[in-house]
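These notes concern the structure reproduced below.
This one's a predicted model, so the numbers in the text were calculated from it and none came from an experiment.
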Amino acid sequence: VAAPPSAPPPVAFGSAPVSVFHKPLPVEAALSAVRGAAEAVFRLLGFSGRWVETPEGRMRYWVSEPREGEAEPGLLPAVFLHGVGMGFVPY
């Protein structure tokens, strides 16, 4: 899918350095539980999780496609990009 002519190209995934640090096991468990709950809410809202291969690895994104008869012709999709961390959970 090509971007509309007025839209600038996206920022390259993995173009900025990321600092990695150790988290204690209870923190990792809590983050995993929160992410799992957020994924369940997204699924209940009609989103489906998908993956795309990149040079840095796999990147996950969520899609909500309009149901039959709900799509408006000529209406562009809304795209929301977030940073690294807890992902979409804070939103």
Shared ILVMFWY cluster between W62 and L44, side chains joined below 4.5 angstrom?
-> no
Can you tell if the side chain of E28 reaches within under 4.5 Å of the side chain of H22, non-hydrogen atoms only?
-> no
Drop me the distance from S64's OG to F42's CZ, to the nearest 0.5 angstrom.
-> 9.5 Å
side-chain contact (heavy atoms from CB on, under 4.5 Å) between R58 and V52, intermediate numbers included = CA-CA 6 Å; R58 295 172 63 191; V52 63; over 6 Å; no
